[in-house]
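Quick note on labels: first sequence line is chain A, next is B, and so on, each numbered from 1.
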2 protein chains.
Amino acid sequence: MAKRKPTIHEVAHLAKVGIGTVSRVLNNHPSVRPETRNRVLTAMANLGYSPNPHARRVAGGKSYTVSLVLPVASTEFYSRLLEGIEHILAEERYEIALFPILSPSRLERYLESRSLAYQTDGLLVSSQGLAHLLPNQKFPTERPVVLVDAYSPRYDSAFMDNRLGGQMAALHLAQFPGAMFAIQVQEELDEVLKNTVGQERIEGFREGLKKAGKSLPSSHVFVSRFSAEGGRLALQHFLRLSKPPFNIFAGADLLALGVLEEAERQGLKIGEEVRLLGFDGHPWTAAKGLSTLAQPIEEMGAEAARMLLERIRGYKGSPRARRFEPTLVVRSSTQTRSVYAD
Amino acid sequence: MAKRKPTIHEVAHLAKVGIGTVSRVLNNHPSVRPETRNRVLTAMANLGYSPNPHARRVAGGKSYTVSLVLPVASTEFYSRLLEGIEHILAEERYEIALFPILSPSRLERYLESRSLAYQTDGLLVSSQGLAHLLPNQKFPTERPVVLVDAYSPRYDSAFMDNRLGGQMAALHLAQFPGAMFAIQVQEELDEVLKNTVGQERIEGFREGLKKAGKSLPSSHVFVSRFSAEGGRLALQHFLRLSKPPFNIFAGADLLALGVLEEAERQGLKIGEEVRLLGFDGHPWTAAKGLSTLAQPIEEMGAEAARMLLERIRGYKGSPRARRFEPTLVVRSSTQTRSVYAD
DNA sequence: TTGTGGTTTGGAAGCGCTTTCTTTATGAAT
DNA sequence: ATTCATAAAGAAAGCGCTTCCAAACCACAA
């Protein structure tokens, strides 16, 4: 009834090769003739074979698993990041052991107990302030560490140029009449996790505006948690301060969403009375006609994964920094003539 | 230099027993004399031995891994839940493969790809509406499934009696003069994830109040996302409606925290003008003097883990439901005489 | 043809454990 | 003391894979 999963032996038999050859095909070893490789691949397909990762690990003496440490927050951002990382890792049949930072204070103990069990080959750490914890001897730091969406000169890092993003936002919004406003994300999970991303974006925005000869009074910056609600509150706040037209740079798409909602409630015309620019480039922004700075999140994750794999495989060079740039996507929320919207 | 991890053989040698015996000690097999077991345990300790989980898996033909599906939200709640689950699982040297519901729409594909790799022995699912997805054939459902913090007649479940909690809140608050208010949590990750917890608590509260001869007009219920901010908004809203003294039942400690903050800003006296009762019983409530309904979250997680292990080991009985009850913890926020606070 | 060096391939050994089978010790009953 | 059932322990046979080594094969030059 419950027929056992096929093993490498069955595949070898069917393809009329030795088990060694099958293994070599599995591991993309170069010294297999294309013709042989195809025979093996066909046999695997026919049998519905998939290799047993545990056997692989015990035989290979490696874990083929990477620890991913991130402040999972049921967020589009991490969802996409994970996707990019997973994509690369899956290609090499590596697995991910997820270490959500449920609470920074518990992280260390948690990592210790669990990563011991997993004995992972490397760490992928995605957290603004968390990098400081890493040099700490308590971490399994003999293994390679790569930072995602965070920068440190001590490690390989793949990160977004948020300041540049802010500048791009400024350049774009400066062309419109009306005052400038900004909403800054400031999420504080705990003292440890200082989120500097929001800050960088606003700083860039301010710099960009200065170049364009405009200014951003600090009263025009609303600091908010990461939620649509925050966007609504921000707009309410701005309306108390002054009158449209507004040019608002929201530090995250989700905040922009809140602004959109509130603007509708207030009967303000998006693209005219309220020009709005988000940050993230999440898929749903297209449907909402929200202009945004699209972040190549998946690529960033993928690149980090690649760097980690290289380290795992023995690469010894000095820390590499891969900087990613957002792309301006203009939609109706920053265009009066809706003809141009996509 | 990099001296290899000791294996079962070294332990066997040092303890002057066979490797079989060492394995039996590892697996708590009954047929080992206490004296022998001690010798083995001592040897393991001396060598700093810890078993290789991968080898165990390939030899045993099981994965000794449990999938944990939950909407990780960097929340004290999940942190504690995980702790309870992990505690039990670690005892039996089972591991956890974490499947955060980063986005319900992506969950299925994600689970499919990753759980295939992990080939886990069972599923622990913690999500209010997610249970509906499970009977779906796409899920690895031949394996046992246990629900945590959710109930379904189809599966073993460990869940909190939120309605009872609401009633307890009512009983407690009804003794005080002043109008009743409530803040209901309503988090919507996606259409799929309908959070009914908040609703149940408020329903229980309303029922309890009715029994006590008090009422809760629906205008006195503020629906909020799960954030401290929500609590602040709620109190502002209540102040617009009426005048203190207020008796507020916050559907979650975090909301209560917001109320506390806002009350301070408004100069309202907690415990007199504003009586406040939270829900969750998180550690920090003690420091804040916040009365709360403490949930035995860890125990709930632990129980779920136990049930799952039993299923994995072959238990075939019909679905079991383990109901957990919150405990009322009275502190200064619902006591005028602060002498009684802890 | 024979030889040479490189490329492909088969298969055995081994990774660290579980489990079964067997042997040996234990001890209660005769 | 002897027997027999039972408990405890050892040894060996895998689990499904990687890797190493040696054998087979190949193309081309001498």
Under 4.0 Å, heavy atoms only, any strand: does A:Gly61 hit a base, just the sugar-phosphate, or nothing? nothing
Between D:dT18 (P) and A:Arg313 (CZ): distance, integer Å: 13 Å
Can you say whether a donor on the side chain of A:Arg57 sits under 3.5 Å from an acceptor on the base of C:dG16, or the other way round? no
Side chain of B:Val58 only, please: which of D:dT18, C:dC17, D:dG16 is the nearest? D:dG16
Could you pick out which residue, B:Arg33 or A:Asn52, lies toward the 5' side of DNA chain D when each is mapped onto its nearest nucleotide? B:Arg33
Would you mind reading off the distance between A:His29 atom NE2 and D:dT18 atom P, rounded to a whole angstrom? 12 Å
Rounded distance (Å) that lies between atom P of D:dC15 and atom NE2 of A:His54: 16 Å
Please give, in whole Å, the distance from C:dG16 P to B:Lys5 NZ? 10 Å
Comparing B:Ala59 and B:Ser31 on DNA chain D - which has the more 5′ nearest nucleotide: B:Ser31
I'd like to know if the side chain of A:Arg80 and the backbone of A:Glu298 have a donor-acceptor N/O pair within less than 3.5 Å. no
Would the distance check show the side chain of A:Arg311 and the main-chain N or O of A:Gly317 forming a donor-acceptor pair, the cut-off being under 3.5 Å? yes
When rounded to whole Å, the CD1 to P distance for the pair A:Ile8 and D:dC15 reads 14 Å
Using whole Å, report how far CG of A:Asn28 lies from C1' of D:dT19. 16 Å
Go through C:dC17, D:dG16, C:dT9 for me and flag the one nearest to the A:Val32 side chain. C:dT9
Closest non-hydrogen atom pair between B:Pro296 and B:Glu325, with its separation: CD-O, 3.5 Å
Just compare C:dT9, C:dG16, D:dT18 and give me whichever is closest to any side-chain atom of A:Leu26. D:dT18
Heavy atoms only, 4.0 Å cut-off, all strands: where does B:Val22 land among base, sugar-phosphate and nothing? nothing
Let me know the distance between NE2 of A:His13 and P of C:dG11, rounded to the nearest Å. 12 Å
Whole-Å distance between D:dA8 P and B:Asn27 CG? 17 Å
Is there a side-chain contact between A:Arg323 and A:Tyr151, using heavy atoms and a 4.5 Å cut-off? no
Which nucleotide in the list D:dG10, C:dT9, C:dT18 gets nearest to the side chain of B:Thr21? D:dG10
Should A:Ser23 be listed as having a side-chain N or O under 4.0 Å from OP1 or OP2 of D:dT18? yes
Side-chain donor or acceptor of A:Asp121 paired with backbone N/O of A:Tyr64 under 3.5 Å: yes
